[in-house]
Every structure is written in C-alpha cells, then in structure tokens.
Amino acid sequence: GILTAPGDGFYNITVIANDTAGNENNKTASNIIVDTIPPMITINFPENKTYNYSITLINATITDNIGVDTAIAELEGVNYTLTLQNGYYINSSINIGVGHHLLRIYANDTSGNLANKSVSFIVDTLPPNITIIQPLNNSKCDRLIEVKVNVTDNVNVDRVVANLINSTGNVVNTTPLQYNSTEKLYS
C-alpha cells in the first residue's frame with residue numbers, strides 16, 4: 001500500500017500484523033526522510049555586471065532542509081566542483097577571461113532534489129582602441145579645433161572625452177565627444 005506523508009520531514013513507519021489466532025507482531029522502519037524541497041542557491045560572486053579584471057573565484061551560498069550533496073558550477077560547457085569552505089561553496093582555481101559569460105550553479109541534496117541558478121557577467125580587461133581622424137599630427141588649426149576620432153571596444157564604449165593640453169602639460173579645455181552615427185565617428 002501507499003502512505004501519504006502530510007509534508008516534508010522525518011517519519012517512522014510501523015507495520016503491525018496479526019494472525020487469526022490473535023498473535024500480533026510489529027516492526028518499525030525509522031528515520032524515513034520525506035524531502036521534496038530542492039536546495040536554495042544564491043550566487044555571491046561573480047555578480048551580473050562588468051568586471052575589468054579576470055575572475056578567479058566562484059562563491060555561492062547553498063542551503064537545504066536536509067543537506068547539500070553536490071555543488072557544481074558550469075561555465076561554457078565545463079564543470080567545476082564547488083567545495084564547502086566557511087559556509088560558502090567556492091572554486092578558487094578558475095580563471096575567467098575576456099568575454100560575455102553565463103555561469104550556472106547546480107546543487108542537489110541528499111534526497112536527489114536538483115536546483116540551479118545562473119548569472120551573466122562580462123569580463124573586459126582590454127581598453128578601447130582609439131584612432132584620431134582629425135586633427136592629425138602637426139596640423140595647423142585656428143582656435144576652434146574640430147576633433148573626430150574612431151573608438152572601438154570589444155564590449156562597449158562608455159564615454160569619449162577630448163582634452164586640450166598646453167605645452168606645459170596642463171589641461172586647458174575639455175569636451176565630451178558624441179557618437180555621430182552618420183559618420184560612425186565621435187566628434
């Protein structure tokens with residue numbers, strides 16, 4: 001037959017049998033665990049943002065009502081074991097370089113319930129590439145100097161600024177450069 005537990009928890013099952021002569025016996029199976037709740041995962045690091053350095057640590061908090069059995073991090077098809085250290089599941093032997101990344105953490109508990117959580121992040125350790133289109137070196141200009149540059153980046157250009165620096169090295173004027181989609185330049 002089938003017994004229905006009212007919820008998750010620890011139970012004992014006692015089986016009682018008697019015969020037609022009135023003899024009775026019982027046996028108990030102890031510490032039966034009913035667990036339908038998967039682990040809870042919080043990814044502490046990396047976060048959903050852009051980093052200007054390589055990521056060398058994965059850190060997650062994983063809890064379960066019965067007990068965590070296994071924790072794995074998956075990054076671009078490669079699995080990395082997370083080990084429990086000081087209350088956190090970590091891997092400090094990873095080195096995540098430049099690019100857009102999706103990290104997925106998988107955890108299962110001792111009852112076989114599986115959970116996963118993911119985070120997207122970017123590692124960008126490369127500076128933007130700048131090509132000055134105007135003015136060129138040794139150009140002769142009047143007081144209004146038009147500046148045009150081509151700026152590219154492997155992730156995204158945030159802002160471009162032109163500084164006018166005098167012969168003693170002091171900044172005497174600054175202007176933000178805006179992207180001109182017609183010319184595909186900043187000016």
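Just so you know, these numbers come straight off a predicted model, no measurement behind them.
For Asn138, the CG atom sits in a loose shell: 12 or fewer heavy atoms of surrounding residues, nucleotides or ligands are nearer than 6.0 Å. Other residues, nucleotides and ligands contribute over 12 non-hydrogen atoms within 6.0 Å of the CG atom of Leu164.
Side-chain contacts under 4.5 Å among hydrophobic residues (ILVMFWY), followed directly or transitively, place Val171 together with Ile165. Ile2 belongs to no multi-residue hydrophobic cluster, having no ILVMFWY side-chain contact under 4.5 Å with any other such residue. Annotation for Leu144: hydrophobic cluster partners, listed by chain and number, are none (ILVMFWY side-chain heavy atoms under 4.5 Å, direct or chained).
If you take CG on Leu103 and CG on Leu75, they are separated by 6.0 Å, rounding to the nearest 0.5 Å. Going from atom CG of Leu185 over to atom CG of Leu177 covers 10.5 Å, rounded to the nearest 0.5 Å. Between the CD1 atom in Ile72 and the CG atom in Asn116 there is a gap of 13.0 Å [rounded to 0.5 Å]. Distance CD1/Ile16 to CD/Glu24: 6.0 Å, rounded to 0.5 Å. Annotation: the span from Leu102 atom CG to Ser118 atom OG amounts to 5.0 Å, rounded to 0.5 Å. Taking CG of Asn154 as the start and CG of Leu126 as the end, the distance is 4.5 Å to the nearest 0.5 Å.
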Scan the side chains in residues 53-62 for donor-acceptor partners under 3.5 Å anywhere in the protein, sequence neighbours excluded, and list what turns up.
residue	atom	partner	partner atom	Å
Asn59	OD1	Asn44	ND2	2.7
Thr61	OG1	Asn44	ND2	2.9

Please tabulate, for the side chains in residues 77-93, all donor-acceptor contacts under 3.5 angstrom to protein atoms that are two or more places apart in sequence or on a different chain.
residue	atom	partner	partner atom	Å
Thr83	OG1	Gln85	NE2	3.4
Asn91	OD1	Ser93	N	2.9
Asn91	OD1	Ser93	OG	3.0
Asn91	OD1	Ile94	N	3.3
Asn91	ND2	Thr81	O	3.0

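Ile37 and Met40 fall into different hydrophobic clusters, defined by Ile, Leu, Val, Met, Phe, Trp and Tyr side-chain heavy atoms under 4.5 Å apart, directly or through other members. When hydrophobic clusters are built by joining Ile, Leu, Val, Met, Phe, Trp and Tyr residues whose side-chain heavy atoms come closer than 4.5 Å, directly or via intermediates, Tyr179 is grouped together with Val147. When the side chains of ILVMFWY residues are joined at heavy-atom separations under 4.5 Å, either directly or via intervening members, Ile122 and Val119 end up in two distinct hydrophobic clusters. In the hydrophobic cluster analysis, where Ile, Leu, Val, Met, Phe, Trp and Tyr join through side-chain heavy atoms closer than 4.5 angstrom, Val157 is grouped apart from Val98.
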> What do the steps show when you test Val34 against Tyr11 for side-chain contact (heavy atoms from CB on, under 4.5 Å), and what is the final call?
Replying inline: CA-CA 8 Å; Val34 174; Tyr11 296 92; 3.8 Å; yes

>> As a quick check of understanding, evaluate side chain to side chain donor-acceptor pair (under 3.5 Å) for Asn163 and Thr174, giving each step before the final call.
In response: CA-CA 4 Å; Asn163 292 325; Thr174 298; 2.9 Å; yes

> Do Phe45 and Tyr51 pass the side-chain contact (heavy atoms from CB on, under 4.5 Å) test, and can you show the C-alpha distance, the side-chain angles, and the key distance before you say yes or no?
Replying inline: CA-CA 11 Å; Phe45 188 81; Tyr51 295 91; 3.6 Å; yes

>> Please evaluate residues Asp8 and Thr36 with respect to the criterion side chain to side chain donor-acceptor pair (under 3.5 Å), reporting the C-alpha separation (whole Å), side-chain torsions for both, the decisive distance (0.1 Å), and the verdict.
In response: CA-CA 7 Å; Asp8 285 14; Thr36 61; 2.9 Å; yes

> Between Lys27 and Thr14, does a side-chain contact (heavy atoms from CB on, under 4.5 Å) hold up when you go through it step by step?
Replying inline: CA-CA 6 Å; Lys27 288 286 180 177; Thr14 300; over 6 Å; no

> Which is it for Asp69 and Asp109 under the side-chain contact (heavy atoms from CB on, under 4.5 Å) test, yes or no, and what are the steps along the way?
Replying inline: CA-CA 5 Å; Asp69 182 47; Asp109 62 19; 5.7 Å; no

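Of the possible polar contacts, none joining the Asn180 side chain to the Lys184 backbone as a donor-acceptor pair under 3.5 Å is found.
For the pairing with Asp124, the side chain to side chain contact (heavy atoms under 4.5 Å, CB included) check across Asn52, Asn156, Val155 returns one residue only, Val155.
Residues meeting the ring pair (Phe, Tyr, Trp, His ring centres under 6.0 Å) test with Tyr106, sequence neighbours left out: none. With sequence neighbours excluded, the residues satisfying salt bridge (charged side-chain N to carboxylate O under 4.0 Å, His left out) with Glu183 are Lys148. Glu74 is linked by a salt bridge (charged side-chain N to carboxylate O under 4.0 Å, His left out) to nothing, counting only residues two or more places apart in sequence or in another chain. Annotation: salt bridge (charged side-chain N to carboxylate O under 4.0 Å, His left out) contacts of Lys117 (sequence neighbours excluded): none.
Smallest separation of non-hydrogen atoms from Ser30 and Asn12: CA-OD1, 3.1 Å. What you find for Asp35 and Asn113 is that their closest heavy atoms are O-ND2, 3.0 Å. Of all the heavy atoms in Thr152 and Asn150, the pair that sits closest is CG2-OD1, 3.8 Å. The two atoms that bring Pro135 and Ile145 nearest to each other are CG-CG2, 3.9 Å, heavy atoms only. Closest heavy-atom contact between Ile33 and Ser111: CG2-OG, 4.3 Å. The two residues Leu114 and Pro38 come nearest to each other via the heavy atoms O-CB, 3.6 Å.
Annotation: salt bridge (charged side-chain N to carboxylate O under 4.0 Å, His left out) contacts involving residues 57-66, sequence neighbours excluded, are absent. For residues 78-97, no residue pair satisfies the salt bridge (charged side-chain N to carboxylate O under 4.0 Å, His left out) rule, not counting sequence neighbours. Residue pairs meeting the salt bridge (charged side-chain N to carboxylate O under 4.0 Å, His left out) criterion with at least one partner in residues 153-174, sequence neighbours excluded, are absent.
A heavy-atom distance below 4.5 Å is found between the side chains of Ile66 and Phe10.
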